[in-house]
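Below, each value reflects all heavy atoms present in this structure, side chains not excepted, and no hydrogens, waters or symmetry copies.
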Amino acid sequence: MNVAKTSGRPNLRARRRRESLTAYLMLSPSLVGVGLFLIVPFLLVFVISLTNWNLISDPSFVGLANYEWLFSGNAFGKSLLVTLVFTAIALPTSIFLGLLIAIGLNRGLPGSGFFQLLYVLPWVCAPLTLGIVWRWMLDPSNGIINAILGTRIEWMSNTSIALPTVAFVYVWQNIGYISLFYLAGLQAIPVSLIEAAKLDGAGSFRLLTKMYMPMLRPTTFFVLITTFISSFQAFDLVYGLTDGKPGYPGGTTNLIAANIYQTAFRGGNQLGKASAMAVILLAIILVITFIQQRYFSKRTVYELD
């Protein structure tokens, strides 16, 4: 018996090694993609952030001088504040409206399939193209929006409403994407639970707050993370809306991604400083994503018993 057990162990180890090798071989295409298009670019950006480089002359090593420049001035802080305000407007609005649209689509009314397609169309379109189209629609002299309202509003020239206007267009573009995920989450909720809640006298509001929202926490977590990252990386839409002048008017639309672009290609080609901004942006996204993950991990149930 001991001999049989001893002889069986090498075979078990060999089988496990073969299984591990097979698993790594199957993962290798994805690992190569992650390495080439995520890890290597990040390392290159970090190295560039330690240099002074204008794309013409040879880069010179400056250490942490670019990071000191970021935190000693107020330009980066202002763009960070603008981005936070933009996210504070766009994130909760898009998630709330996306959930309401999903609840409406989940009723299965006639034409729901058409509206699903209609809502998701803006999300699949190129953000830069949407920005250009909306800039034409919001034109103060010839735009269709002012024609409908019957008044002249300087949507993208007024420093008070330029950023909310950008946030509105961003929400309009993304609510279809969000509503599809919420719709999938709603359809995964057992109908028997909803019917039991209705028999107990739960109205629409109680169903939303006591049934839908708690059971949609995995969906909310995913949507919150992806929308947050998207809002912090918003650039194409702003570029189109401002006619290629991110930050206009008066820096009110100068999101972090736009500031990185301006510093890298329109502010003397300061690649080192722009790369330092990109590294800080990544760090901010990682920290806030980690906090969100910790918050939802203790409040989320993925399966029903």
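Counting only distance, with no hydrogens or angles, the side chain of T253 and the backbone of Y248 share a donor-acceptor pair below 3.5 Å. The backbone N or O of A90 sits less than 3.5 Å from a side-chain atom of S94, completing a donor-acceptor pair.
Going from atom CZ of F42 over to atom CG of L44 covers 10.5 Å, rounded to the nearest 0.5 Å. Residue L138 holds its CG atom at 7.0 Å from CG of L241, rounded to the nearest 0.5 Å. Atom CZ in F86 sits 13.0 Å away from atom CG in N254 (nearest 0.5 Å). A distance of 7.0 Å separates OG1 in T220 from CG in L99, rounded to the nearest 0.5 Å. With values rounded to the nearest 0.5 angstrom, I229 atom CD1 is found 9.5 Å from L282 atom CG. Of the inter-residue distances, the one linking M137 atom CE with N146 atom CG reads 11.0 Å to the nearest 0.5 angstrom.
The environment of R266 atom CZ is dense: over 12 non-hydrogen atoms of other residues, nucleotides or ligands sit within 6.0 angstrom. For F96, the CZ atom sits in a loose shell: 12 or fewer heavy atoms of surrounding residues, nucleotides or ligands are nearer than 6.0 Å. At most 12 heavy atoms of other shown residues, nucleotides or ligands fall within 6.0 angstrom of atom CD1 in I144.
Contact check for I280 versus Y67: side-chain heavy atoms found under the 4.5 Å cut-off. Residues T227 and Y170 have side chains in contact (heavy-atom distance under 4.5 Å, counting atoms from C-beta outward). With contacts defined as side-chain heavy-atom distances shorter than 4.5 Å, the pair W155/W134 does not qualify. In this structure, the side chains of L130 and V169 stay at 4.5 Å or more apart for every pair of heavy atoms. Put simply, the side chain of F76 does not reach to within 4.5 Å of the side chain of T263, judged on heavy atoms. Side chains of M277 and S49 form no contact here, defined as non-hydrogen atoms less than 4.5 Å apart. Two residues are said to be in side-chain contact when any heavy atoms from C-beta on lie closer than 4.5 Å; Q116 and L105 meet this criterion. Residues M156 and T165 are in side-chain contact: their nearest non-hydrogen atoms beyond the backbone lie under 4.5 Å apart.
Closest of all the heavy-atom pairs between A278 and V45 is CB-CG1, 4.1 Å. Closest approach of Q173 to P127, counting heavy atoms only: NE2-CG, 3.6 Å. Listed here is the closest heavy atom pair of V171 and L97: CG1-CD1, 4.1 Å. The shortest heavy-atom contact between R152 and P140 is NH1-O, 3.4 Å. For the residue pair F46 and V279, the shortest heavy atom distance occurs at CA-CG2, 4.1 Å. Closest approach of V40 to L36, counting heavy atoms only: CB-O, 4.0 Å.
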Would K210 and F205 count as a side chain to side chain contact (heavy atoms under 4.5 Å, CB included) here? Give the steps. CA-CA 8 Å; K210 302 298 183 181; F205 181 76; over 6 Å; no
Pair V82-N259, side chain to side chain contact (heavy atoms under 4.5 Å, CB included): steps then yes or no: CA-CA 11 Å; V82 170; N259 195 5; over 6 Å; no
Is there a side chain to side chain contact (heavy atoms under 4.5 Å, CB included) between L281 and T83 once you walk through the steps? CA-CA 11 Å; L281 174 59; T83 305; over 6 Å; no
The test is side chain to side chain contact (heavy atoms under 4.5 Å, CB included); show your working for N158 and I153 and say whether it passes. CA-CA 8 Å; N158 190 324; I153 300 177; over 6 Å; no
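Taking the centre of each ring, F232 and F228 come in below the 6.0 Å mark.
By the rule that hydrophobic residues join a cluster once side-chain heavy atoms approach within less than 4.5 Å of another member, L50 and I260 end up as members of one cluster. Cluster membership check: V32 does not share its hydrophobic cluster with Y24, using side-chain heavy-atom separations under 4.5 Å among Ile, Leu, Val, Met, Phe, Trp and Tyr. In the hydrophobic clustering of ILVMFWY residues, with side-chain heavy atoms under 4.5 Å counting as a link, I256 and L81 come out apart. A continuous path of Ile, Leu, Val, Met, Phe, Trp and Tyr side chains, each step under 4.5 Å between heavy atoms, connects I103 with I189, placing both in one hydrophobic cluster. M211 and F181 fall within a single hydrophobic cluster, where Ile, Leu, Val, Met, Phe, Trp and Tyr are joined by side-chain heavy atoms under 4.5 Å apart, directly or via other members.
T242 and R135 form no side-chain donor-acceptor contact under 3.5 Å, judged by distance and modelled atom types alone.
Under the ring pair (Phe, Tyr, Trp, His ring centres under 6.0 Å) criterion, W123 pairs with Y177, sequence neighbours left out.
Y239 and Y261 have perpendicular rings, their planes meeting at more than 60° on a 0 to 90° scale where under 30° would count as parallel.
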